[in-house]
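Structure record follows, encoded as structure tokens.
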Amino acid sequence: MANFSAVSVFILQGFSTVPALQLLSMATFLLIYLAGVLGNVSIMMAVTLDTHLHTPMYFFLKHLFLVDLCSMSTTLPRALVATMTDTKEISFLACASQLFAFVCLGSLECFLITSMAFDRCLVIYRPLTYGMTMSSQSCLSLVVVACVSGLLFSTFHTVNTFSLPFCGPNMIDHFFCDIPPLMHLACGDTQAHEAAGFIVSGCVIMTCFALTCLSYVLIVYTVVHIRSAAGCWKAFSTCSSHLATVLLFYGTGSSAYMQPTAHYSPLQGRMAAIFYSILIPTLNPLIYSLRNKDMKAALRKLYPHVPS
């Protein structure tokens, strides 16, 4: 892919274009990153060690937190080191690798969220056949399909982006290599590449979103036919955390990627990226543990000396 480009090195702008805010941003995001690592690792360890949590829901949840941890680690540590050492250069190959990893993990999270919606739908809409349908083999197969799909999706976007010629400015107005700012730097006409990326992303994202919405339609249909108020609340509580994740994921991701490059705003791009690549992975452990008694019990076993 490097043969298509006259640029061998890119320069990442960082968290802010205001120098005085760079150190403040670095300190803030370092604390957020450490909190995110602690939260995601704690949930993964709690689910792994507590046999009561060896269920399909927590199986998907453990993989979701692993993806969140890897997604944060793909972009944030390098940006923090670059800010501390004032070395903002990133090679063409490293930039392509970072984009590939980030898109792969982002799409994998999308597929996992869809699988979790399917799981929640089955446990409420078809409880009698749930155990047979969501077997260990079925769960593993869904994760494998999600991984393969993520790799293919990321390969397309990486090739589609870096097959463009980069012959002019090499300053990426972002804190990591992302598709919109790279498209904005490319020389020549990017409309065909942009249209191809938009179509592929739109088909994948809208398919996942439609399947997730269908799952929740069936969930709501089942819940409204439950006569017991306690039964309704129990059914709703099993998917409330997942619904919050769905709203956060699609709300922030669509604002960053489902718009033409010509309308790309560097400030808006950075803010959206901060939400979906840093804040959401940090908040997810809180979302899934604050109102989950089983998760709280597992975390208390993991950290017995921490006051509850």
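Positions are given from 1, in the same order as the sequence printed here. Everything numeric in this text was worked out from a predicted model, so none of it was measured.
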Any donor and acceptor pair, going by atom type alone, linking the side chain of [X] with main-chain N or O of [Y] inside 3.5 Å?
X    : Y    : answer
Q98  : T74  : yes
D189 : Q191 : yes
S71  : V67  : no
N40  : L66  : no
N170 : I11  : no
T133 : Y130 : no

Point-to-point distance, once rounded to the nearest 0.5 Å, from [atom1] of [X] to [atom2] of [Y]:
X    : Y    : atom1 : atom2 : value
M44  : L302 : CE    : CG    : 11.5 Å
L64  : M116 : CG    : CE    : 5.5 Å
L12  : E89  : CG    : CD    : 10.0 Å
F100 : S154 : CZ    : OG    : 4.0 Å
Y303 : L299 : OH    : CG    : 7.5 Å
C139 : D119 : SG    : CG    : 6.5 Å

>> What verdict does the side chain to side chain contact (heavy atoms under 4.5 Å, CB included) test give for L34 and L38, after you've listed the backbone C-alpha separation in whole Å, the side-chain angles of each residue and the deciding distance to 0.1 Å?
In response: CA-CA 6 Å; L34 293 175; L38 178 61; over 6 Å; no

Same apolar cluster (I L V M F W Y, side chains within < 4.5 Å links), [X]/[Y]:
X    : Y    : result
M84  : L76  : yes
I199 : M183 : no
M206 : L112 : yes
M45  : I287 : yes
V81  : I278 : yes

Answer whether the closest heavy-atom distance between the side chains of [X] and [Y] falls below 4.5 Å.
X    : Y    : answer
C167 : V7   : no
F60  : M134 : yes
T161 : H193 : no
H174 : Q13  : no
N292 : S241 : no
F15  : L80  : yes
Y216 : H242 : yes
I90  : C177 : yes

> Under 30°, 30 to 60°, or over 60°: which ring-plane class applies to F166 and F162, parallel, tilted or perpendicular?
Replying inline: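 Geometry flag for F162 against F166: tilted rings.
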
> Would you call the rings of F175 and F29 parallel, tilted or perpendicular if under 30° counts as parallel and over 60° as perpendicular?
Replying inline: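 The rings of F175 and F29 lie parallel, inter-plane angle below 30°.
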
>> Using the rule given for side chain to side chain donor-acceptor pair (under 3.5 Å), can you reason through H52 versus Y58, listing the C-alpha separation, both sets of side-chain angles and the distance that settles it, and then say yes or no?
In response: CA-CA 10 Å; H52 294 96; Y58 292 105; over 6 Å; no

Nearest heavy-atom pair of [X] and [Y]: which atoms, and what distance?
X    : Y    : result
A196 : N160 : CB-OD1, 4.2 Å
H157 : G197 : CE1-O, 3.6 Å
I172 : P181 : CG2-CB, 3.9 Å
R270 : G14  : CD-O, 3.5 Å
M72  : I32  : CE-O, 4.2 Å
S289 : M295 : CB-CG, 3.8 Å

>> Going by side-chain contact (heavy atoms from CB on, under 4.5 Å), Y288 matches just one of T245, I43, V47. Which one?
In response: T245

> Checking side-chain contact (heavy atoms from CB on, under 4.5 Å) against F111, which of V145, V143, L142, V204 comes through?
Replying inline: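 Testing F111 for a side-chain contact (heavy atoms from CB on, under 4.5 Å) against V145, V143, L142, V204 leaves exactly one candidate, V204.
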
>> Let's go through S277 and F102 carefully: what are the C-alpha distance in whole Å and the side-chain angles of both, what is the deciding distance for side chain to side chain contact (heavy atoms under 4.5 Å, CB included) to 0.1 Å, and is it a yes or a no?
In response: CA-CA 9 Å; S277 68; F102 182 75; 3.7 Å; yes

>> Are more than 12 heavy atoms, taken from residues, nucleotides or ligands other than F156, located less than 6.0 Å from that residue's CZ atom?
In response: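 Count over threshold, so yes.
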
> Is the ring centre of Y276 less than 6.0 Å from the ring centre of F249?
Replying inline: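 No, they do not, as the ring centres are separated by 6.0 Å or more.
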
> Tell me the salt bridge (charged side-chain N to carboxylate O under 4.0 Å, His left out) pairs involving residues 33-56, sequence neighbours left out?
Replying inline: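 Passing the test, one end in residues 33-56: D50-K301.
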
Distance-only polar pair, side chains of [X] and [Y], donor-acceptor under 3.5 Å:
X    : Y    : value
H184 : T190 : no
S138 : S135 : yes
Y33  : T282 : no

>> Assess the residue pair L122 and T129 against the criterion (side chain to side chain contact (heavy atoms under 4.5 Å, CB included)); give the C-alpha distance rounded to whole Å, side-chain angles, the decisive distance to 0.1 Å, and a yes or no.
In response: CA-CA 8 Å; L122 284 180; T129 60; 5.6 Å; no

> So L108 and F153, side chain to side chain contact (heavy atoms under 4.5 Å, CB included) or not? Walk me through it.
Replying inline: CA-CA 9 Å; L108 179 54; F153 184 76; over 6 Å; no

>> Between S115 and H63, is the side chain to side chain donor-acceptor pair (under 3.5 Å) condition met? List the steps.
In response: CA-CA 11 Å; S115 298; H63 285 83; over 6 Å; no

